[in-house]
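The structure appears right after this line, and notes come after that.
A, B, ... follow the sequence lines: proteins, then strands. Residue 1 opens every chain.
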Amino acid sequence: MPELPEVEVICQGLLPHLMHRTIIDVRCSGKQLRTPVDCEELQRELNEKQIVNLTRRAKYLVLKTDNGATLVIHLGMTGNMGIFDAESATKKHDHVCWLLDNNTELRFNDTRRFGAVRLFTANNAAKEEKKFFSAIGPEPFSRACSVAYLMQRAAHRKQAIKSFIMDSHVVAGIGNIYANETLFHSRIHPERPASSLSSKEWKRLLTIMRKTLKHAIKCGGSTINDFVNASGEGGYFQMNFRIYGKAGEACSCCGLVISKKTIGGRASFFCEKCQPKLEGSSR
DNA sequence: CAAGTTACCTGACGGC
DNA sequence: TGCCGTCAGGTAACTT
């Protein structure tokens, strides 16, 4: 399940294969993704155009072409992107394919079709892109994502801290897995009201969130190193999670059985002892 | 307006 | 064997 680290690794992996390549043609499965895919528009806007940039913002990949168009891709839950030989057989759930000028093809595969491929056309791409991303919170690594910012946003909010840090309007890129991991390592109970965290706790949470994401990117970078004809084969890199999915197992820190509870409609894992519900560390 | 709930989608898995 | 229910999860629209 692609969260910020996975998208970052995919972005870095694809960049050398896409930079300065020219798109020859676009093909679509015809299936609707999260938003409808207009294949004719994609062709009209991208055919014969050169790729000049590929970046990540939140969990989105942002691809730009030399005519000023912007392609925004979200991998949803099961989405993946890879470079393939143009002659190779497509797989089930390949929904959008971009044929490139070196006989390779960029393919978007998404089993559950929670992903999205959106195009901002050259005539208004800058404006539309700005509007699209303006609602999304700052990148966790950015200066804007400070303890002061987070505390200000959390003020008077009774929402569970876990739901709060998963809210993309607050901070970009934190999904269920990294929310669970971050809170465990920060020793903060996921149900603590967002407004109840002290500045000391916010500082610890932010530091650990960044550290956890960075570590995952580093692991992913070494795991996935071949984006040609390989992407999508092995799924996403498996981090050695300490808490996510470990209900019933012993806490790696204190040995207590790990709890599982639905918070904000999402499976949540935590250690009652290491993540006390009352403010203050158990250390 | 905050916060909780549901829809979207397919495949894996467990129970019978 | 196969059928059915449940679960997984990001995002936006919806309800409370």
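When rounded to the nearest whole Å, the span between CG of A/L75 and C1' of C/dA8 equals 17 Å. Summarising the geometry, the separation between CG on A/D167 and C1' on C/dA13 is reported as 14 Å, rounded to the nearest angstrom. A straight line from CE of A/M166 to C1' of C/dA8 spans 12 Å, rounded to a whole angstrom. We find that NE2 of A/H169 is positioned 9 Å from C1' of C/dT11, with the value rounded to whole Å. In this structure, CD1 of A/I73 is placed 15 Å from P of C/dT11, rounded to the nearest angstrom. For the pair A/L61 CG and C/dG10 C1', the computed distance is 15 Å after rounding to whole Å. Between A/K91 atom NZ and B/dG11 atom P there is a gap of 15 Å when expressed in whole angstrom units.
Within the 3.5 Å criterion, the main-chain N or O of A/L46 finds no donor-acceptor partner in the side chain of A/N67. Side-chain atoms of A/E181 come within 3.5 Å of backbone N or O of A/I243 as a donor-acceptor pair. Proximity of a side-chain donor or acceptor of A/T182 to a complementary backbone N or O of A/Y178 within less than 3.5 Å is detected.
Residue pairs meeting the side chain to side chain donor-acceptor pair (under 3.5 Å) criterion with at least one member in residues 157-166 of chain A, sequence neighbours excluded: A/R157-A/Q159, A/K162-A/N176, A/K162-A/S268.
Distances from the side chain of A/R157 to the nucleotides C/dG10, C/dA8, B/dA3 place B/dA3 closest.
In the hydrophobic cluster analysis, where Ile, Leu, Val, Met, Phe, Trp and Tyr join through side-chain heavy atoms closer than 4.5 angstrom, A/L183 is grouped together with A/F241. Cluster annotation: A/F108 is not connected to A/I24 through the hydrophobic network of ILVMFWY side chains, with a link wherever side-chain heavy atoms come within less than 4.5 Å.
A/K162 comes within 4.0 angstrom of no nucleic acid atom, judged by non-hydrogen atoms across all strands.
Cluster partners of A/M166, using a side-chain heavy-atom cutoff of under 4.5 Å among ILVMFWY residues and allowing indirect links: none. Other members of the hydrophobic cluster containing A/F133, listed by chain and number, are A/Y60, A/V62, A/V72, A/F120, A/F132, A/I136; membership follows side-chain contacts under 4.5 Å among ILVMFWY residues, whether direct or relayed.
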| message | At under 4.0 Å between heavy atoms, how does the protein contact nucleotides 4-10 of chain B? Give one character per nucleotide, 5' to 3', with B, S or -. | response | ----BBB
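Between the axis at the start and the axis at the end of the helix from B/dA2-C/dT16 to B/dC16-C/dG2 there is an angle of 60°, using five pairs per end and rounding to 10 degrees.
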List, one per line, each side-chain donor-acceptor pair under 3.5 Å for residues 29-37 of chain A, sequence neighbours excluded.
{"residue": "A/S29", "atom": "OG", "partner": "A/K31", "partner atom": "N", "Å": "3.1"}
{"residue": "A/S29", "atom": "OG", "partner": "A/H95", "partner atom": "ND1", "Å": "2.8"}

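One finds a side-chain N or O of A/H74 lying less than 4.0 angstrom from the OP1 or OP2 phosphate oxygen of C/dT11.
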